[in-house]
Number of protein chains: 2
Amino acid sequence: MTEAREPRPEGGSLHRRIIADIEARILSGEWPPGRRIPFEHELTAQYGCARMTVSKALTQLVAAGLIERRRKAGTFVTQPHSQSAVLEIPDVKAEVAALGLPYRFAIVARSKRRATRADRARFAVAADAWVLALTCRHDAAQRPFCLEDRLINLSAAPDAAEEPFVELSPGAWLVRRVPWTRAEHRISAVAARGDVALALNVASGTPCLVVERRTWSGEAPVTQVRVIYPGEAHELVARFTPGQS
Amino acid sequence: MTEAREPRPEGGSLHRRIIADIEARILSGEWPPGRRIPFEHELTAQYGCARMTVSKALTQLVAAGLIERRRKAGTFVTQPHSQSAVLEIPDVKAEVAALGLPYRFAIVARSKRRATRADRARFAVAADAWVLALTCRHDAAQRPFCLEDRLINLSAAPDAAEEPFVELSPGAWLVRRVPWTRAEHRISAVAARGDVALALNVASGTPCLVVERRTWSGEAPVTQVRVIYPGEAHELVARFTPGQS
DNA sequence: AAGTGGTCTAGACCACAAA
DNA sequence: TTGTGGTCTAGACCACTTG
């Protein structure tokens, strides 16, 4: 049975207030890394609530990486080790729209073939697999915004072979069609050379930001893409606020 | 009272199995974006468990971004919009150690001053605030690995003024001393010029990867740092597996 | 051996949005 | 108005780890 209890006074639910309280003590330095925080039963008494409510709060703080829990020993503030941040990788169209510029894309090269040795170096597809190679230029305000060089594993996305990619760019089309379970991104800086410099309309040697993404569905590779952003203007932004739950 | 129930057969707790089941249906495409998934009371019946157990599972799937919940309407598979990935930003020392190379760092410039106009452009510190500007070169195997240009707000970290930064690099020292609540990272590509090219021992114009990080504690700025990695070799890696909870 | 966290139950009341 | 999710309770048993 549920007894009468006081109404929630302030910012939302009780377990959120517990989270906020503990988080504040950790972030202020009052509870430094390594320090044991009160046991569940102590917090239960302190907040006058059921154990499950405290447990819910602490579980979320574990997920946020602020605390660690060990049976019999207790709950401890984690030692900060490596920072992690959530990197948003938007669709190029959305990215251009966010700048308030008109967007356009065009397929500049297309080739359906059996995977070559070079293809297999980019992406672990079977030697005899059919792949679709696409090069796509994305424009913002009639100027080159980025160049996309993509390889699609046609056994994972057979429909791609017949798709003209008129309405949707290859990336947007794939994200709607093929569910993926794993992705890996690599970000690096390169100098634009030859065809790339030409397509992006920059001088050879111009530094460019490169985002390479591989996507799998289960164990099967789906696509590999290399997006090249010209010049020093483009920025990827990642933010992290610990315990934003 | 708790009735007898079957022992947990397979991979862990019941709510984890519920998570795995639903996740599998979403990732396989069986439940496409926008589709309503069973109500809590249906899942409760299906798994023969209490409502709270289902709720716990669904709450975690919300946190993972796989589903959205609307009162009275139900729970729906989210539309994929922008991909997000967790970017690990390790300490430089750990980064070099991971390559199996000997690590060393050296402070190459140090200046304590009141914030200049240029400093305030980098970071929103008060006009009369004391700041510590540091330039630090990190070496791997006796060769320049990256160049760190840092500004520390001395009102947030007063001890930094007297710290020689011999044992720990400024970044490692700060992470241990000053709790931070918010960080923002910007990643871009630039060409090495002048002093930077000299310090990194590369030709002028060499493309470099730049990671700029600003850190706050509450509303107060703590530090701003710009880390420049020379050449085309360095890569930042980010991975994403949806719903790894 | 004892005490911690991990998980689960069978209820309950409430807030909110859709019909 | 109605039915959904949001939150909470007061128990319970179990697993693990440490002393």
Side-chain angles (χ1 to χ4, degrees), chain A residues 1-22 31 34-78 244-245, chain B residues 1-22 26 31 34-78 245:
Chain A
M1 113 192 32
T2 305
E3 286 182 7
R5 58 181 178 280
E6 296 110 55
R8 277 174 231 143
E10 14 187 326
S13 52
L14 176 55
H15 74 265
R16 282 182 192 281
R17 219 186 67 206
I18 299 177
I19 289 174
D21 284 357
I22 295 175
W31 287 350
R35 149 140 195 182
R36 186 181 65 71
I37 79 170
F39 296 124
E40 282 194 352
H41 67 81
E42 292 174 317
L43 292 168
T44 290
Q46 180 177 331
Y47 287 96
C49 66
R51 190 181 150 216
M52 180 123 228
T53 305
V54 167
S55 174
K56 189 172 197 169
L58 295 183
T59 298
Q60 291 192 36
L61 286 169
V62 168
L66 281 181
I67 59 173
E68 283 173 345
R69 316 194 72 192
R70 292 200 300 275
R71 283 176 164 108
K72 172 74 181 185
T75 300
F76 301 83
V77 178
T78 48
Q244 73 290 4
S245 47
Chain B
M1 111 194 36
T2 305
E3 286 181 9
R5 59 181 177 277
E6 295 109 58
R8 276 173 232 143
E10 12 187 330
S13 52
L14 176 54
H15 73 266
R16 283 182 192 280
R17 221 187 65 206
I18 299 177
I19 289 174
D21 286 356
I22 295 175
I26 292 175
W31 287 349
R35 148 137 196 186
R36 185 180 66 71
I37 80 171
F39 296 123
E40 281 193 355
H41 66 83
E42 293 175 316
L43 291 169
T44 291
Q46 180 178 330
Y47 286 96
C49 67
R51 190 182 151 216
M52 182 126 230
T53 306
V54 167
S55 174
K56 189 173 197 169
L58 295 182
T59 298
Q60 290 193 35
L61 287 168
V62 169
L66 282 181
I67 59 174
E68 283 173 343
R69 317 194 71 190
R70 292 200 298 277
R71 283 174 162 105
K72 171 75 181 181
T75 300
F76 300 84
V77 179
T78 48
S245 50

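Computed from heavy atoms alone, side chains included, the values below leave out hydrogens, waters and symmetry copies. Labels below follow one simple rule: chain letters A, B, ... track the order of the sequence lines, proteins then strands, and each chain is numbered from 1.
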Participant: On a plain distance test, is the side chain of A/Arg51 in donor-acceptor contact with the base of C/dG6 below 3.5 Å?
Facilitator: yes
Participant: Expressed as a whole number of angstroms, how long is the span from A/Glu40:CD to D/dG11:C1'?
Facilitator: 14 Å
Participant: Looking at CZ of A/Phe39 and CZ of A/Arg69, how far apart are the two atoms once the value is rounded to the nearest 0.5 Å?
Facilitator: 11.0 Å
Participant: Does any part of the side chain of B/Ile26, heavy atoms only, come nearer than 4.5 Å to the side chain of B/Thr78, both counted from C-beta?
Facilitator: no
Participant: Output yes when at least one side-chain N/O atom of B/Ser55 is less than 4.0 Å from OP1 or OP2 of D/dT7, else no.
Facilitator: no
Participant: Which whole-number value in Å describes the distance from B/Leu58 CG to D/dT7 C1'?
Facilitator: 15 Å
Participant: Less than 4.0 angstrom between a side-chain N/O of B/Ser13 and OP1 or OP2 of C/dG6, yes or no?
Facilitator: no
Participant: Once you round it to whole Å, what is the distance between P of D/dC8 and CD1 of A/Ile18?
Facilitator: 8 Å
Participant: How many angstroms lie between atom CZ of A/Arg17 and atom SG of A/Cys49, to the nearest 0.5 angstrom?
Facilitator: 9.0 Å
Participant: Round to a whole Å and report the spacing from CZ of B/Arg70 to C1' of C/dA19.
Facilitator: 14 Å
Participant: Could you tell me whether B/Thr59 contacts a base, only the sugar-phosphate backbone, or nothing, with contacts defined as non-hydrogen atoms closer than 4.0 Å?
Facilitator: nothing
Participant: Grab the two heavy atoms, one from A/Trp31 and one from A/Pro38, that are nearest each other, plus how far apart they are.
Facilitator: CH2-CD, 3.6 Å
Participant: What is the distance from NZ of A/Lys56 to P of C/dG6, rounded to the nearest Å?
Facilitator: 16 Å
Participant: Report yes if the side chains of A/Ile22 and A/Leu66 come closer than 4.5 Å at any heavy-atom pair, otherwise no.
Facilitator: no
Participant: Output the rounded distance in Å from CD1 (A/Ile67) to C1' (C/dT4).
Facilitator: 14 Å
Participant: Taking the side chain of A/Arg69 as heavy atoms from C-beta outward, which of D/dG6, D/dT2, C/dG6 is closest to it?
Facilitator: C/dG6
Participant: Please tell me which of A/Met52 and A/Arg71 maps to the more 5' nucleotide of DNA chain D, matching each residue to the nucleotide holding its nearest heavy atom.
Facilitator: A/Met52
Participant: Measure the distance from OH on B/Tyr47 to P on C/dC8 and round it to the nearest whole Å.
Facilitator: 12 Å
Participant: Whole angstrom is fine here: how far is it from NE2 in A/His41 over to P in C/dG3?
Facilitator: 10 Å
